[in-house]
Amino acid sequence: TQSTRPQRLLHAVQKNATKGDPRSVVKAIDNFCRQKEWAMNVGDEKGCILDSVVSEVNPVTVLELGTYCGYSTVRIASLLPPRAKIITLEFNPDYAKIARQVIAWAGLEDKIQVVEGPSGEWIPKMKEQFGVKTFDLVFLDHWKDRYLPDTKLLEDCGLLRKGTILLADNVICPGTPDYLEYVRNSPRYKSQYFKSHLEYTKAEDGLEKSVFLG
Ligand SMILES: CCc1ncnc2c1ncn2[C@@H]1O[C@H](/C=C/CNC(=O)c2cc(-c3ccc(F)cc3)cc(O)c2O)[C@@H](O)[C@H]1O
Ligand SMILES: [Mg+2]
């Protein structure tokens, strides 16, 4: 039977990356996507902006919305301090399965919890199920029309604190107009746009970094 693109991406990792070396896993995926098949990972250019935000925030508790193959999950987790954790939500079981294997190849299982299911169902359970008080950093990279509702849900569930950073991918391409309008105009956020390019292409895209003011 024909393999899927995520399966081919995983095979590229297992073939070209060093087991237990997260940065070589990131490199192998970027090479695969540049040379073989485009895939919707945040990529190396926007990935450097992600790295700098993660290093600046030095988060202990991270939430990622939309795991896909685990590229940004591994990229973030590779920069976390020892006791820090990332919870990543993914509702497609096939993608979750691939992501778990990419994460295992990177040797980051202890820092990463892949939770299968829709963000709308799991966000309200974060406190009771995972003992989360508030998130220090949220990386939004799932369906673009879910960014705004999930941000409001995070607010309503008391999962954001004064200083929590929301970092959103694709605010230009494919675009998240309602989310952008909200974080840029709400008095509860201080927002900043980091101009970049759509992964592996010359098209414009960027990340929006928004600080929750409480
Ligand atoms: C229900 C809530 C909910 N709960 C849990 N998991 C959820 C979820 N909603 C979605 N997922 C999972 O997240 C991932 C989806 C990610 C969606 N991302 C893009 O569409 C995208 C597109 C381009 C692009 C494509 C084509 C172009 F031409 C240009 C740009 C570039 C990018 O960087 C992009 O991120 C998948 O794993 C979903 O299973
Ligand atoms: Mg994206």
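Start at 1 and go down the list; that is how both ligands and their atoms are numbered. In what follows, residues are counted from 1 in the order of the sequence shown.
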inquiry  = Give me the residue, atom name and distance of the protein heavy atom closest to atom 6 (N) of ligand 1.
reply    = Phe91 N, 3.2 Å
Protein heavy-atom partner closest to atom 39 (O) of ligand 1 - residue, atom, separation in Å = Glu90 OE2, 2.5 Å
query = Does ligand 1 have an atom under 4.0 Å from some heavy atom of Trp38?
reply = yes
request  = Flag the pair Arg75 and Glu64 as a salt bridge only when some basic side-chain nitrogen lies within less than 4.0 angstrom of an acidic carboxylate oxygen.
outcome  = no
key: hydrophobic_cluster_shared for Tyr179 and Leu167, side chain cutoff 4.5 Å   = no
query = Do any N or O atoms from the side chain of Lys36 and from the backbone of Ala12 form a donor-acceptor pair under 3.5 angstrom?
reply = no
message = For a quick test of reading the model, state the closest non-hydrogen atom pair linking Tyr147 to Leu140 and the distance between them.
response = OH-O, 3.1 Å
message = Is it the case that ligand 1 has an N or O less than 3.5 angstrom from some N or O of Asp141?
response = yes
key: Test side chain to side chain contact (heavy atoms under 4.5 Å, CB included) applied to Glu181 and Asp178, Asn185, Val183, the passing residue   = Asn185
query = What atoms of ligand 1 come within less than 4.0 Å of a heavy atom belonging to Asn170?
reply = 31 (C), 32 (C), 33 (O), 34 (C), 35 (O)
message = Only heavy atoms of Pro118, strictly under 4.0 Å: list the atoms of ligand 1 that pass.
response = 4 (N)
message = Tell me the protein heavy atom at minimum distance from atom 22 (C) of ligand 1, and give that distance in Å.
response = Pro174 CG, 3.6 Å
Ligand 1 atoms in contact with Asp169 (distance to a heavy atom under 4.0 Å) = 33 (O)
Residue, atom name and distance, where the atom is the protein heavy atom closest to atom 18 (N) of ligand 1 = Lys144 NZ, 3.3 Å
remark   = Logged contact type for Leu198 with ligand 1, heavy-atom cut-off 4.0 Å, is side chain
ask   = Looking only at atom types and distance, does a side-chain atom of Trp38 sit under 3.5 Å from a main-chain N or O of Glu199, one as donor and one as acceptor?
value = yes
task = Inspect the contact between Arg161 and Asp136 and indicate whether a charged nitrogen and a carboxylate oxygen are less than 4.0 angstrom apart.
result = yes
message = Quick test: of every protein heavy atom, which one is nearest to atom 15 (C) of ligand 1, and how far off is it to 0.1 Å?
response = Trp143 CZ3, 3.3 Å
task = Could you give me the CA-CA distance, side-chain angles and deciding distance for Arg100 and Glu116, then say whether salt bridge (charged side-chain N to carboxylate O under 4.0 Å, His left out) is met?
result = CA-CA 11 Å; Arg100 291 185 204 280; Glu116 267 182 65; 3.1 Å; yes
key: Contact with ligand 1 for Gly117, non-hydrogen, under 4.0 angstrom   = yes
task = Measure from the Mg ion (ligand 2) to each N, O or S atom of Asp141 and report whether any distance is below 2.8 Å.
result = yes
query = Any N or O of Glu199 that comes nearer than 3.5 Å to an N or O of ligand 1?
reply = yes
Heavy-atom closest contact (Tyr189 atom, Ser210 atom, distance) = CD2-CB, 4.0 Å
inquiry  = Regarding ligand 1, does Lys46 bring an N or O atom to under 3.5 Å of one of the ligand's N or O atoms?
reply    = no
ask   = When only distance counts, is Asp150 in polar contact with ligand 1, meaning an N/O pair under 3.5 Å?
value = no
inquiry  = For the residue pair Lys152 and Tyr182, would you count it as a cation-pi contact if the rule is NZ or CZ under 6.0 angstrom from the ring centre and within 45 degrees of the ring axis?
reply    = yes
ask   = Is Tyr68 touching ligand 1 with its side chain, its backbone, both, or neither, if touching means heavy atoms under 4.0 Å apart?
value = both
task = Check each of Met40, Glu64, Arg146, His142 against atom 8 (C) of ligand 1 and report the one with the nearest heavy atom.
result = His142
remark   = Numbered in order shown, the ligand 1 atoms found under 4.0 Å of a heavy atom of Gly66 are 13 (O)
inquiry  = Regarding Asn170, does it place an N, O or S atom less than 2.8 Å from the Mg ion (ligand 2)?
reply    = yes
task = Run the salt-bridge test on Lys144 and Asp141 with the 4.0 Å N-O cut-off and return the result as yes or no.
result = yes
task = Of all N, O or S atoms in Asp169, identify the one at the shortest distance from the Mg ion (ligand 2).
result = OD2
key: Closest approach of any protein heavy atom to atom 3 (C) of ligand 1, naming residue and atom   = Ser119 OG, 3.7 Å
From CA spacing to verdict: salt bridge (charged side-chain N to carboxylate O under 4.0 Å, His left out), Asp51, Arg23 = CA-CA 12 Å; Asp51 291 353; Arg23 302 314 284 188; 2.8 Å; yes
ask   = So if you build clusters from Ile, Leu, Val, Met, Phe, Trp, Tyr with side-chain heavy-atom gaps below 4.5 Å, do Tyr95 and Val42 land together?
value = yes
